[in-house]
Enquirer: 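Before I ask anything, let me first share the structure, which is written out below as structure tokens.
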Amino acid sequence: MNYGMDMTERTHEFQAEVAKLLDIVTHSLYSEKEIFLRELISNASDACDRLRYEALTRPELIKDDPEFKVVISVDEKAQLLTIMDNGIGMTEQEMIDNLGTIARSGTSRFSAALTGDAVKDVTLIGQFGVGFYSAFMVADKVTVTSRKAGEEGATVWTSEGHGSFSTEPAERSGRGTTIVLHLRKEAKEYLEPARLRQIVKTYADHIAIPVVLKGDGETEEGETLNSASALWTRAKSEITEEQYTEFYRHAGQAFDTPWLTLHSRAEGRIEYTMLLFIPGQPPFDLFNPERKSRLKLYVKRVFITDDCEELIPAYLRFLRGVVDSEDLPLNVSREMLQHNPVLQKIRNGLVKKVLGELEKKATKEADGFAGFWENFGAVLKEGIYEDAVNGERILKIALFNNTASDKKTSLADYISRMKEGQDAIYYITGDDLGALKSSPQLEGFAAKGVEVLLLTDAIDSFWLSRISEFDGKPFKSVTRGAADLDKLADKESDGKETPAVDNAEMDSLIALFKTALEGKVKDVRVSSRLTGSSVCLVADDGDMDIHLEKMLKAHKQLGGAMENLRILELNPRHMLIRKLASSVRKNGSSEALKDAALLLLDQAHIIEGDPVADPAAFSRRMANFMAGGIPA
Ligand code: ADP
Ligand code: MG
């Protein structure tokens, strides 16, 4: 396609996701149609922010028209509502890219989540947001005329919201963007000044530039509808919860209500204000591999960037809001932000503040904190691994699934429930909570009433590889090492326990297993951790945890390191093991018993979620063994 300077109109297709979204939006059951105005004003304000930043290095861009503003005007007769800004504007190509696609991260996941069921999809859109496209909730035709700051020509973008839009060269005096909504009949209310006043007050009061409602007459001065000062510069006592929420939605491109609002000023050697939010709902892109934060950095009320890795650690990337520094130079460049000592200090202050607030919540508002932990715990836990200074603080408030109850527990609470003689914090790691709960390695612990933490987040294996104890108690995987179970007091015995095989018989069985499984296991031994299952695999004391090794292997992170062989443990009270042991004593070694050893090893792997190494051999042995049984 040719996007040169000819004067013809060009038609473009909307990206498929946009077409779907528009379809839902226009036929929408979406009840709060008035939010279209919030979205358009929010975009206008962003456009002014971006130009103000550009103008730091190119002041000529705003020389003729230095006062940023958004102007709303109505034409009652023609039923037109116009929103105009003198922000950075867009070129034709930018309009095609920005107003024809959903550029926001998480789009593909959003699109995949759309069900076609209008009611469900509207909720989803509520979470994702429709931004500019919300204009089509109230208008059956939208034109956008835009002129990029510093350029001559303008472009007009037109669409009726049905799958395509057109672009065409246009006239516009001065830079910025003008959006004209041809209102639907049922949306006439948005022509009434009283209604517009109320909407702007509700949703856009926090916008830092004036939002002006233009009067009828050409000469009449407009009426400024909002407070037009940056919200974070106002006194806390003058800000309502609703204003905080609307600011959060604007700054964080969010559509929910924040769980936590943190507004504070640091004064002294370094001065900055932060207005931070923890979302009520996890954002779509939380687990994107880039782990990007979207916190906005301002310097003396001028927006600098929302893509600053140095401002907060990745494990706090769920935070939204702004940080406004008094000390950074206004002409700060991206490069200057790296290793900048001022920014370092702000970052440290911010982390302290946020963790301090979370600690308060964890103790004073446990239920709310548990909800937060559901949403963001897996992200925050990355800090246990990555933050050498604050990791310990995170560990203290962390919550974990466990075998004692369905409610998550803190480590301190776990320790308070430890059994007499128990001196370690036991855990097991895996991908799936359900599968973990039925791991054979847990049996002996359950029998002794010892609680085990069930860790299912990928990050758990990593921080556990770095942190060895909490409050003087070592972390111990139940899949590793010789179980400490013998040291622990038995639960009240009911006297109905099955007797174990005697030691001599067990020794001969183990010798036979060792020969049969040569090269496939590191060792074979009697288990004290099994009560219901016949066998299980464990890692040797010094070896890597089974789950961690599997995870590293899946991500090709094992490098040249050899996979560790595992130890096979046999349950001397299990019926099958007893029969096998008695057969060895009476008949000595046999093919059938060797098959049994191999079959039991396969079984132990299956329980771990591993594939069977040689399915054909497995089936053959299984058939033989079923036909022949254990030699009596
Ligand atoms: P978002 O604001 O979340 O990026 P929107 O759908 O609201 O998504 O807007 C899409 C994009 O269109 C914006 O990111 C911006 O690049 C561009 N845009 C929208 N409105 C304006 C405007 N008034 N001036 C300049 N660019 C705009
Ligand atoms: Mg927007």
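All heavy atoms count here, side chains included; hydrogens, waters and symmetry mates do not. On a predicted model such as this, the values are computed, not experimentally measured, just so you know. Both ligands and their constituent atoms are indexed starting at 1 by order of listing.
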Enquirer: Distance under 6.0 Å and angle within 45° of the ring axis: does K361 meet both against W373?
Expert: no
Enquirer: For the 3.5 Å polar cut-off, considering only N or O atoms, please tell me whether N98 and ligand 1 meet it.
Expert: yes
Enquirer: Does CD belonging to E76 count more than 12 external heavy atoms closer than 6.0 Å?
Expert: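 Counting other residues, nucleotides and ligands, CD of E76 stays at 12 neighbours or fewer.
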Enquirer: Thinking salt bridges, do R147 and E171 make one under a 4.0 Å N-O criterion?
Expert: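 Not counted as a salt bridge, because no side-chain N and carboxylate O are separated by less than 4.0 Å.
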Enquirer: Does some non-hydrogen atom of M90 fall short of 4.0 Å from ligand 1?
Expert: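 Heavy atoms of M90 do come under 4.0 Å of ligand 1.
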Enquirer: Relative to the heavy atoms of Q253, which atoms of ligand 1 are at a distance of less than 4.0 Å?
Expert: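 Counting from 1, the qualifying ligand atoms are 1 (P), 2 (O), 3 (O), 4 (O).
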Enquirer: If you measure from each non-hydrogen atom of R50 to ligand 1, which part falls under 4.0 Å: side chain, backbone, both or neither?
Expert: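 Side chain only; the backbone of R50 stays clear of ligand 1.
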Enquirer: Can you tell whether the side chains of E309 and K292 come within less than 4.0 Å, N to carboxylate O?
Expert: no
Enquirer: Please list, in number order, the atoms of ligand 1 under 4.0 Å from a heavy atom of L99.
Expert: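 With L99 as reference, the close atoms of ligand 1 come out as 12 (O).
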Enquirer: Please enumerate all residues that pass side-chain hydrogen bond (donor to acceptor under 3.5 Å, both in side chains) together with D205, with sequence neighbours excluded.
Expert: K201, S227, R234, Q243
Enquirer: Which of these, N43, D85, D97, has its nearest heavy atom closest to atom 23 (N) of ligand 1?
Expert: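 Answer by nearest heavy atom: D85.
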Enquirer: Going by the atom numbers of ligand 1, which of them fall below 4.0 Å from some non-hydrogen atom of F132?
Expert: 5 (P), 6 (O), 7 (O)
Enquirer: Can you tell me if NZ on K20 sees more than 12 non-hydrogen neighbours from other groups inside 6.0 Å?
Expert: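 Yes.
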Enquirer: Side chain, backbone, both or neither: which part of T177 has a heavy atom under 4.0 Å from ligand 1?
Expert: side chain
Enquirer: Could you tell me whether K296 and D46 make a salt bridge, using a distance below 4.0 angstrom between a side-chain N and a carboxylate O?
Expert: yes
Enquirer: Tell me whether E94 reaches ligand 1 (any heavy atom closer than 4.0 angstrom to a ligand atom).
Expert: no
